[in-house]
Amino acid sequence: MKSEIAALVRSALESLAEQGVLAADAVRDPVVERARDPAHDDFATNAAMVNSKAAGMKPRELAERLVAALPASPLIAETGIAGPGFINFRLAQDAHLAVVSQVLAQGEAYGRSDIGAGRRVQVEFVSANPTGPLHVGHGRGAAYGSVVADLLAAVGFEVHREYYVNDAGRQMDILATSVWLRYLELAGEELVFPSNGYKGDYVWDIAATLHRDHGDAYRHGADEVFAGIPADEPAGGDKEAHIDALIGRAKQLLGEPRYRFVFELGLNVILDDIRDDLEKFGVVYDQWYSERALVESGAVNKCIERLREAGHLYEKGGAWWFRSTGFGDEKDRVVVRDNGQTTYFASDIAYQLDKIERGFERVIDVWGADHHGYVPRVKAALQALGDDPDRLDVLLVQFAVLYEGGHKMQMSTRSGQFVTLRELRKDVGRDAARFFYIMRKCEQHLDFDLDLARSQSNDNPVHYVQYAHARICSVFRQAAEKGIDAGLSEGNSNLEHLSEEHEQALLKSIARYPEVVQSAAMNEEPHQLTHFLRDLANELHTYYNAHQFLVDDAALRDARLKLISATRQVLANGLGLIGISAPETM
RNA sequence: GCGCCCGUAGCUCAGCUGGAUAGAGUACCGCCCUCCGAAGGCGGGGGUCACAGGUUCGAAUCCUGUCGGGCGCGCCA
């Protein structure tokens with residue numbers, strides 16, 4: 001509807017330009033928006049105000065000329081000029097009512113569009129290191145990323161969802177070594193676990209699997225393992241040197257095949273767990289992209305070569321540095337360490353490059369806000385390689401803090417004391433978890449109120465929205481029990497009986513839904529949808545409280561049932577888009 | 001110290017990319033309840049949009065600075 005009005009306004013501007021009232025090249029695109037205040041009719045445009053200068057006349061004067069130049073349309077009942085020069089439009093009643101039959105005819109498709117025109121977009125999100133289970137911080141990125149992807153798909157983009165698996169790097173070696181050391185403990189060796197190792201219970205579980213299936217096949221004496229290893233931090237040494245030496249020792253004592261086996265076991269168990277966890281959270285990927293495969297394919301080295309040939313690398317202190325400062329980064333970055341190993345950053349350049357070479361027009365990365373300092377160097381690398389850094393859009397998601405009983409829940413990753421996504425999901429349920437995660441825009445810190453999320457009351461926004469849906473379902477069940485014919489009539493018939501204020505409000509909200517989906521998708525702001533759904537649910541509930549639907553007057557009843565049926569459809573569509581169920585009963 | 005994000009009602013947050021009298025929920029204060037489906041419904045008070053300048057017809061929104069909070073500044077990932 002909004003786009004139809006905008007077309008009328010543009011047409012008026014064009015005809016004034018033809019008449020020479022406006023300089024054609026100076027015409028500014030006007031904004032058409034829904035009026036917040038019903039006194040300002042349904043839609044308003046600032047076309048006269050933004051172009052008054054180009055026309056050399058006062059806004060209200062230009063507004064009059066524009067109104068006169070508007071093409072006739074059956075949609076518009078009335079136009080007016082108000083305030084500093086707004087042009088207001090009041091829709092014809094028929095245009096208001098038509099949305100009901102439109103929703104009922106389109107069903108699940110209502111709200112979807114094709115403005116993306118099939119353009120290919122890649123969305124990478126979560127991509128947490130497979131060194132342990134996902135925690136509640138990852139949950140926000142998972143919910144946010146998946147909804148952004150779904151929204152883009154809903155407006156016609158071809159979306160590719162991807163998880164980048166950091167299965168190559170030092171952190172994975174630390175995990176493998178942690179598993180092995182726990183295994184040694186289970187096998188009866190006495191040792192002091194490294195302070196920098198992974199201490200979570202899941203490491204014990206993996207170690208236990210290894211011990212159960214392979215007995216002492218991987219056992220070496222603790223004396224042998226720790227012989228000549230530099231001291232750990234608690235013993236006055238350096239924890240990084242300590243763990244690195246242990247990794248080296250593990251590789252040496254186990255040999256390549258056995259070390260690899262422990263490594264793979266840890267990786268696979270955790271990755272399976274993450275995959276399962278996300279799936280139950282309603283998050284599915286088109287691809288799990290392995291960093292190791294990227295390294296082994298030679299893509300990383302090729303990428304480094306390209307940078308070297310283009311003169312963007314230099315050697316210093318035995319390491320190879322990328323001159324990212326030449327592209328706006330704060331400092332230069334190492335891509336090849338003095339020990340010959342490529343850095344995580346080097347893999348990431350290759351990965352980002354690979355994405356663009358795969359032909360995605362847009363690449364969206366969802367990262368935790370603590371990685372924000374990383375953005376300039378990645379963009380710098382893309383630019384250095386001759387690609388447009390603007391094709392990569394990094395969305396930074398701020399932290400989520402859990403509150404219970406009005407108190408912040410303290411978490412620390414180091415000690416392994418964190419709430420996992422799985423625990424949260426089992427606690428408050430998938431629907432509430434998803435809704436709460438996306439309720440706030442991503443750059444806003446999220447206070448996650450566990451008590452509220454668990455609550456089965458109307459204070460809980462998820463419950464409130466779902467209840468609206470269930471309530472409508474209940475009306476139809478009630479009709480069946482009472483033997484009332486709730487079969488809906490075709491088209492727009494009877495809708496003219498919808499004259500109550502509550503009904504007008506619902507009609508407008510339902511009509512607004514496609515605009516909300518579009519705006520939420522294009523701005524990557526899922527919270528627009530949760531806010532909309534809350535408002536729509538509220539309108540349904542107040543309507544419900546104020547009026548009886550199953551009235552004796554068959555025509556009125558039909559009109560009202562059609563309206564709430566359309567409302568139910570929009571609620572279901574909206575909830576579906578954010579991955580939340582639309583229950584028929586609570 | 002430098003960089004990024006945030007600062008709107010007591011609290012949690014919207015504010016559609018510069019528009020009309022800044023809105024919800026919750027909390028608070030009044031009335032009304034037993035109604036298709038309980039866990040309620042209706043109404044009300046509450047604001048120097050952190051602060052100071054600037055840009056223009058017009059600023060919560062854009063620019064600069066100050067203050068306050070969060071995060072980041074590794075040959076870690």
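Numbers restart at 1 for each chain; the letters A, B, ... are given by sequence-line order, proteins then strands. These numbers come from a predicted model, not from an experiment.
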Take atom C1' in B:A14 and the same atom in B:G68, then report the distance between them in whole Å.
-> 23 Å
Which way is the base of B:U17 turned, syn or anti, if we draw the line at 90° from 0?
-> syn
Between B:A20 and B:U61 - P atom distance, rounded Å = 13 Å
With sequence neighbours left out, what residues match A:H371 under ring-ring contact (aromatic ring centres under 6.0 Å, His included)?
-> none
For A:N166 and A:Q171, what are the C-alpha separation, side-chain angles and deciding distance, and is it a side chain to side chain donor-acceptor pair (under 3.5 Å)?
-> CA-CA 9 Å; A:N166 289 118; A:Q171 294 303 321; over 6 Å; no
A:Q444 has an atom CD; how far is it from atom C1' of B:C4, in whole Å?
-> 15 Å
Please state how far atom CD in A:E501 lies from atom P in B:C42, giving the value in whole angstrom units.
-> 13 Å
Greater than 12 external heavy atoms within 6.0 Å of A:E315's CD = yes
Roughly, in whole Å, what's the span from NZ in A:K379 to P in B:C4?
-> 14 Å
Below 4.0 angstrom from OP1 or OP2 of B:C35, is there any side-chain N or O of A:Q548?
-> no
The side chain to side chain contact (heavy atoms under 4.5 Å, CB included) partner of A:F436 among A:N460, A:V428, A:L450 is A:N460
With a distance cut-off below 6.0 Å to the six-membered ring centre and an angular limit of 45° from the axis, does A:R140 pair with A:F448 as a cation-pi contact?
-> no
Apply side-chain hydrogen bond (donor to acceptor under 3.5 Å, both in side chains) to A:R292 and list each qualifying residue two or more places apart in sequence or on a separate chain.
-> A:E264
Could you state the OH-P distance from A:Y464 to B:G40, rounded to the nearest angstrom?
-> 11 Å
Test side chain to side chain contact (heavy atoms under 4.5 Å, CB included) on A:I174 and A:R170 and set out the steps.
-> CA-CA 6 Å; A:I174 296 178; A:R170 176 167 169 265; 4.2 Å; yes
Using a 4.0 Å heavy-atom cut-off across all strands, classify A:E481 as base, sugar-phosphate, or nothing.
-> nothing
Using the glycosidic torsion, which applies to B:A52: syn (within 90° of 0) or anti (everything else)?
-> anti
Return the value, rounded to whole Å, for the distance between atom CG of A:D449 and atom P of B:C13.
-> 11 Å
Roughly how far apart, to the nearest Å, are B:G15 and B:G7 at atom C1'?
-> 15 Å
Produce a footprint string for nucleotides 69-77 of chain B: one letter per nucleotide, 5' end first; B if the base is under 4.0 Å from any protein heavy atom, S if only the sugar-phosphate is, - if neither.
-> -SBSSSBSB
For the pair made of CG in A:N51 and C1' in B:C57, what is the distance, rounded to whole Å?
-> 14 Å
Using atom P of each nucleotide, how far apart are B:G45 and B:C2 to the nearest Å?
-> 46 Å
Is RNA chain B part of any stem, that is, at least 3 consecutive Watson-Crick or G-U pairs with both distances under 3.5 Å, and where?
-> B:1-7 with B:67-73, B:10-13 with B:23-26, B:28-32 with B:40-44, B:50-54 with B:62-66
In whole angstrom, give the distance that lies between atom CD of A:E443 and atom P of B:A14.
-> 8 Å
Can you tell me how far CD1 of A:I472 sits from CG of A:L540, rounded to the nearest 0.5 angstrom?
-> 4.0 Å
Which part of the nucleic acid, if any, lies within reach of A:M586 when heavy atoms closer than 4.0 Å are counted: base, sugar-phosphate only, or nothing?
-> base
Flag for A:Y164-A:D365: side-chain donor and acceptor within less than 3.5 Å | no
Could you give all pairs that pass the salt bridge (charged side-chain N to carboxylate O under 4.0 Å, His left out) test and reach residues 452-477 of chain A, with sequence neighbours left out?
-> A:E404-A:R454, A:D427-A:R454, A:D451-A:R454
With rounding to whole Å, what would you report as the distance between B:A52 and B:C13 at their C1' atoms?
-> 27 Å
Between B:G41 and B:G46, how far apart are the P atoms? Round to whole Å, please.
-> 24 Å
When you check every protein heavy atom under 4.0 Å of nucleotides 15-33 of chain B, what one-letter string (B, S, -) results, 5' to 3'?
-> SBB-BB----SS-------
Report the C-alpha separation of A:Y144 and A:Y437 in whole Å, then their side-chain angles, then the decisive distance to 0.1 Å, and conclude whether the ring pair (Phe, Tyr, Trp, His ring centres under 6.0 Å) test is met.
-> CA-CA 7 Å; A:Y144 178 75; A:Y437 271 134; over 10 Å; no
When all nucleic acid strands are considered with a 4.0 Å heavy-atom cut-off, which category describes A:S474: base, sugar-phosphate, or nothing?
-> base
Mind checking whether A:Y543 and A:F549 have parallel, tilted or perpendicular rings, split at 30° and 60°?
-> tilted
Please state the C1' separation for the pair B:G19 and B:C6 - nearest whole angstrom.
-> 25 Å
For A:S52, answer base if it contacts any base atom (sugar-phosphate contacts may also be present), sugar-phosphate if it contacts only those atoms, and nothing otherwise; contact means non-hydrogen atoms under 4.0 Å.
-> nothing
Within the structure shown, what part of the strands sits under 4.0 Å from A:H547 by heavy-atom distance: base, sugar-phosphate, or nothing?
-> base
Value in whole Å for how far the C1' atom of B:C4 lies from CH2 of A:W367 = 13 Å
How are the rings of A:W321 and A:Y314 set relative to one another: parallel (under 30°), tilted (30 to 60°) or perpendicular (over 60°)?
-> parallel
Separation between the C1' atoms of B:G53 and B:C67, rounded to whole Å | 15 Å
